[in-house]
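Below, each value reflects all heavy atoms present in this structure, side chains not excepted, and no hydrogens, waters or symmetry copies. Note on naming: letters A, B, ... go to the chains in the order of the sequence lines (proteins, then strands), and numbering restarts at 1 for each one.
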Amino acid sequence: MIDDAGVSRMARYDAGQAEPKWQKAWTEKGCFETREGAGHADRPKYYVLEMFPYPSGRIHMGHVRNYAMGDVVARTKAAQGFDVLHPMGWDAFGMPAENAAMERGSHPATWTYANIDAMRTQLQAMGLAIDWSREFATCDPEYYAQQQALFLDFLDANLLTRKSATVNWDPVDMTVLANEQVIDGCGWRSGAPVEKRELTQWFFRITDYAEDLLEALDTLDGWPEKVRVMQRNWIGKSHGLQMRFEIEANQLAPDWPELEVYTTRPDTLYGMGFAAVSPEHPLAKALAEKVEGLTAFIEECRKLGTSEEALEKAEKKGFDTGLRVKHPFSGESFPVYVANFILMDYGTGAIFGCAAHDQRDLDFARKYDLKVVPVVCPADADPASFDVGDEAYVGPGSIINSDFLNGMEIEAAKNAVADRLSAAGMGEKTTNYRLRDWGVSRQRYWGAPIPVVHCDACGVVPEKKENLPVRLPDDVTFDRPGNPLERHPTWKHVPCPACGKDATRETDTMDTFVDSSWYFARFCSPRAETPTTRAEVDRWLPVDQYIGGIEHAILHLLYSRFFARAMAKTGHLSPDSVEPFKALFTQGMVTHETYSRKVKTAEGIERDVFFTPDEVSRGEDGTMRDSDGQPVTVGPTIKMSKSKRNTIDPEAIIARYGADTARWFMLSDSPPERDVEWTESGAEGAARHLQRVWRLVTEAADKIGASSGAATGTSDLRKTTHRAIRAVTDDIAAFRFNKAVAQIYGLTNAIAADKGSDPAALREAVETLIILMAPMTPHLAEEAWAALGHDAMVVEAPWPEADPDLLVDDTVTMPVQVNGKKRAEIVVAADAPKDVVEKAALAEDAVMKLLDGGSPKKVIVVPGRIVNVVL
RNA sequence: GCGGGCGUAGUCCAACGGUAGAGACAGAGGACUUAAAAUCCUUCCAGUGUGGGUUCGAAUCCCACCGCCCGCACCA
């Protein structure tokens, strides 16, 4: 940027100089520190929280957007008289720190805390209104000590269980994953296909709360419907029947007199064609020892399991075990298969197959030539001839081919079957959930150690609370895969807390999602010697506004809801705080164009090579790579990502334009829930606007001088000012930051266009502009506020109130439609009665011409809005 | 396949069922300047994805279809 002559250089707003100055001023005055204890109990509380970052080392534009939004809320609420809690911390445990340690031969803590320092500096450069005195990282022993205390309390309250289970094993990260962390059959972090393993693990009993977590979703009206739907589906409640089939006498499985299945369609019991169990079903395992080929089949299923399945569009495969079950009513005999499409995780891991009314069962039956009997007949079909082809019929209808059920509707038939089976002691109605217990054991170092000891004599013994924290040892190595805690020479050898004999520590650590499931509560009293202090959590929780990415719609948000319930049960939270987040806002992503070229590798494979925005320039002939002057392909606008190299570094933007510009641009244009595209021209436009505001303010400061009388009258400028107050206030409250920004542009334009307003009205307009902008561009606002002669800071200024008298007009311009088409405009008094408005409309030339002397069929007058004349 | 969302100027986006345009970006012209930058002024551009319906009146409500995005996905 070329510097200009001295005069205009003086006039320019220098963000690089102003921003650190005001950040220092805020910090010195403790503007954002929220007091504990009595605090500001006279003021209503407001807790605003953005999802805390993982300390990867650098902030990205997604952070800028997220924290800019939260900051607008925090600053606006503070100006509106709320006692605001707006803290920040670090979600600091997890695999990347271990990976970094492996690569660099250093310690995860070194890497993590260095990253935290770097990111704190970057976040502070954004000028966020954060109470940094409450900062903590989840890897601080002070934090995980309290998490271990929670774990022990949960254990005591039967909220935890230790059980052997088939778990998802990530072969790359060499650790267990929760169901929620398996995406398309692959580990959420490593992307490697997940394997099944049998391990003894700690589980939080989240399924005990399945019904509560589901029902309470209806009360979360401050949450996006989308997220509630996703959680509802995840919990996956279904009503059905758990029933038992008698297994016919055989040599193969003499210990198995019956097979238990779960069904939501007991009405189709007479349509049964086969029974099937999961390859992981105990019966399958028992049979595998005796039935030739079954072991191989099960092994094949296990391997295919999850990854290829998606590609191959799930071909149904089965293995006839030779076993047969008896129909409970007809006595008919049906084969039992082991089938690859039966999930062990759901229901009982076994089904009865009704081919005619379930697509999967039909595919399977056609393949193995099994019986297909339609038992539900649609209303418009002939029961005598109704049959299915290759498409199962799943719609409503009446029951056929089903003995005592014939003629019933589906619901009645379900009940009839359930009644008869339960009377015979062969089944009962059950409610089933898709939600599984939350397995939290991880075979990793960089996590909170699970505070239990294994003793040969006493079994699993909880560590004593006074011995917390169970600290991670510092002297560990990462030169080999696996868990360093396991192979540490001394760490795990401890006396049993119960009997004092030699025993072994648990070497598993907790899933990092545990860390983030209660940090919002810890912020209320971050230095307490207990996990929470009731006075503080009772004052602050629930979080009034939580802001973060949609990617946490299930995992983090569901776990946190469970944790709040568990903490309430163990006395760490009020029973009123079981919903930790009163309102949730999920912001969109930050996107950018991509720049690439097709390049052939040595093997002759064509692939894309990407370039960063810094490496290319847009010219008249298209977009070129600077280093070689050759064109690049401008690709789709997608989420900023390292792999596509379409990232913009916030630090560079702040250095170039200032934090206010970055914040302003992030809030402009796109609605916050939608994706926003970062463009160079957009950023420049934002910077230009801030310069313009600065210029208007300094010009106005000259005009206003020292005059300080209150503005009076009803000038256009005053009306515009007060309308902006109303609109911006409403827009910010409703998370319509893009509209608030547009309103501020409107007010800015009005001030720029204003010629003759009196100094008082001009002062009012300019000061309003500054205060309305302050939540978004706080540094510029302070600088401008000072330029107008204020000694106090704008953060201390109260939010303005709109004067209702200035929001209404005396007269309004109303369009006049004839048959829905606009033909004229009339100007009438705002409170003119309908008949006056009607008369004025009908007196318009254009209307009279169309009326042609006749009288209208109807005249609709919407006061203040429109007149429609119907001929 | 199921569920949710979105389609409005060249672009991003506004519009209680009531004049399609608040605002921004980009473009064009002009002013200032030796020139450029910066700044200021003026200005072009769509009738709302498509087809129906409800209504005095539809971008908005309803139905169908098309396109894009996001979840979930053998859940018995």
Side-chain angles (χ1 to χ4, degrees), chain A residues 1-5 8-9 11-12 183-184 224-230 232-234 236-238 240-241 261-266 268 276 278 309-310 313-316 339-343 345-354 357-361 363-364 432-434 550-551 553-554 588-589 637 665 668-671 673-677 679-686 688-689 691-692 695 727 736 738-749 752-753 813-825 856-862 864-871:
Chain A
M1 205 168 287
I2 301 153
D3 257 357
D4 33 0
S8 53
R9 189 194 304 159
R12 285 186 73 76
I183 319 281
D184 288 336
E225 181 57 21
K226 180 187 174 76
V227 176
R228 293 197 281 171
V229 167
M230 283 166 73
R232 211 169 278 134
N233 292 342
W234 187 264
K237 182 181 185 176
S238 71
L241 182 75
V261 306
Y262 172 76
T263 178
T264 56
R265 292 297 301 274
T268 63
S278 163
E309 169 189 318
K313 203 62 193 165
E315 193 195 347
K316 307 272 178 296
N340 66 344
F341 67 98
I342 314 296
L343 305 173
D345 270 353
Y346 190 79
T348 62
I351 61 145
F352 80 79
C354 173
H357 305 291
D358 182 292
Q359 193 59 48
R360 293 156 300 169
D361 295 350
D363 294 345
F364 191 79
N432 204 16
Y433 299 91
R434 193 177 158 277
I550 186 77
E551 66 272 20
I554 295 172
M589 298 180 298
T637 298
F665 180 50
S668 311
D669 288 359
S670 287
E673 68 277 13
R674 260 191 248 176
D675 291 352
V676 63
E677 183 184 3
T679 59
E680 182 76 28
S681 54
E684 275 167 6
R688 229 175 4 247
H689 176 254
Q691 289 297 344
R692 184 168 179 236
R695 204 173 49 249
R736 295 183 298 244
N738 56 322
K739 289 181 65 185
V741 166
Q743 288 295 340
I744 288 169
Y745 274 112
L747 179 58
T748 310
N749 292 342
T813 303
M814 288 171 70
V816 180
Q817 293 183 334
V818 177
N819 284 344
K821 275 199 165 173
K822 185 187 162 194
R823 298 293 184 187
E825 272 182 3
K857 203 183 282 175
K858 202 172 170 187
V859 180
I860 292 135
V861 178
V862 184
R865 281 284 177 193
I866 202 166
V867 182
N868 192 7
V869 180
V870 187
L871 299 184

Without decimals, in angstroms, what is the distance between A/Q359 CD and B/C75 P?
11 Å
Rounded to the Å, how far apart are A/R823 CZ and B/C56 P?
19 Å
Taking side chain to side chain donor-acceptor pair (under 3.5 Å) as the definition, give me every residue that meets it alongside A/E677, ordered by chain and number, with sequence neighbours left out.
A/T637
Applying a 3.5 angstrom cut-off to the pairing atoms, does RNA chain B sit in any stems of at least three consecutive Watson-Crick or G-U pairs? List them by first number.
B:1-7 with B:66-72, B:10-12 with B:23-25, B:27-31 with B:39-43, B:49-53 with B:61-65
Mind checking salt bridge (charged side-chain N to carboxylate O under 4.0 Å, His left out) for A/R823 and listing every partner two or more places apart, or none if nothing turns up?
none
Quantified in whole Å, what is the C1' atom distance between nucleotide B/A15 and nucleotide B/G51?
25 Å
Side-chain donor-acceptor pair present, A/R674, A/N738, cut-off under 3.5 Å:
no
Provide the distance between the two C1' atoms, one in B/A31 and one in B/U48, to the nearest whole Å.
37 Å
Taking B/A46 as the reference, what is the distance to B/U8 when you measure between their C1' atoms (whole Å, please)?
8 Å
For nucleotides 5-25 of chain B, just jot down a letter per nucleotide in 5' to 3' order: B, S or -, based on protein non-hydrogen atoms under 4.0 Å.
-------BSSSB-BB--BBSS
Hey, what are the protein-to-nucleotides 43-54 of chain B N/O distances that come in under 3.5 Å?
none

For A/M589 and B/G71, what is the distance between atoms CE and C1' respectively, to the nearest whole Å?
12 Å
Polar contact flag, side-chain donor to acceptor under 3.5 angstrom, A/S668-A/Y745:
no
Partner residues of A/D363 under the side chain to side chain donor-acceptor pair (under 3.5 Å) criterion, sequence neighbours left out:
A/Q359
Pick base, sugar-phosphate or nothing for A/I342, based on heavy-atom distances below 4.0 Å to the nucleic acid.
base
Roughly how many Å apart are B/U60 and B/U54, using the P atom of each and rounding to a whole number?
15 Å
Please give the distance between the P atoms of B/G10 and B/C56 as a whole number of Å.
34 Å
Looking at residues at least two apart in the chain, or sitting in another chain, which of them share a side chain to side chain donor-acceptor pair (under 3.5 Å) with A/N819?
none
Please identify each residue that fulfils ring pair (Phe, Tyr, Trp, His ring centres under 6.0 Å) with A/F665, with sequence neighbours left out.
A/W678
How far, in whole Å, is B/C44 from B/U50 if one measures between their C1' atoms?
28 Å
Those residues at least two apart in sequence (or on a different chain) that pass side chain to side chain donor-acceptor pair (under 3.5 Å) with A/R736 are A/D731
Does A/Y433 have any ring pair (Phe, Tyr, Trp, His ring centres under 6.0 Å) partners at least two apart in sequence or in another chain, and if so, which?
none
Any side-chain N or O of A/R695 less than 4.0 Å from the OP1 or OP2 oxygen of B/C40?
yes
Span that lies between the C1' atom of B/G71 and that of B/A24, in whole angstrom:
32 Å
Can you tell which of A/M230, A/R232, A/K226 makes a side chain to side chain contact (heavy atoms under 4.5 Å, CB included) with A/R228?
A/R232
If I take atom CZ in residue A/F364 and atom C1' in nucleotide B/C75, what distance separates them, rounded to the nearest angstrom?
17 Å
Salt bridge (charged side-chain N to carboxylate O under 4.0 Å, His left out) against A/E551, all qualifying residues, sequence neighbours excluded
none
Determine the interatomic distance between P on B/C66 and the same-named atom on B/A76; round to the nearest Å.
28 Å
Which label fits B/G5, syn or anti, where anti is any glycosidic angle not within 90° of 0?
anti
The criterion is side chain to side chain contact (heavy atoms under 4.5 Å, CB included); which residues satisfy it with A/S670, sequence neighbours excluded?
A/R65, A/V676
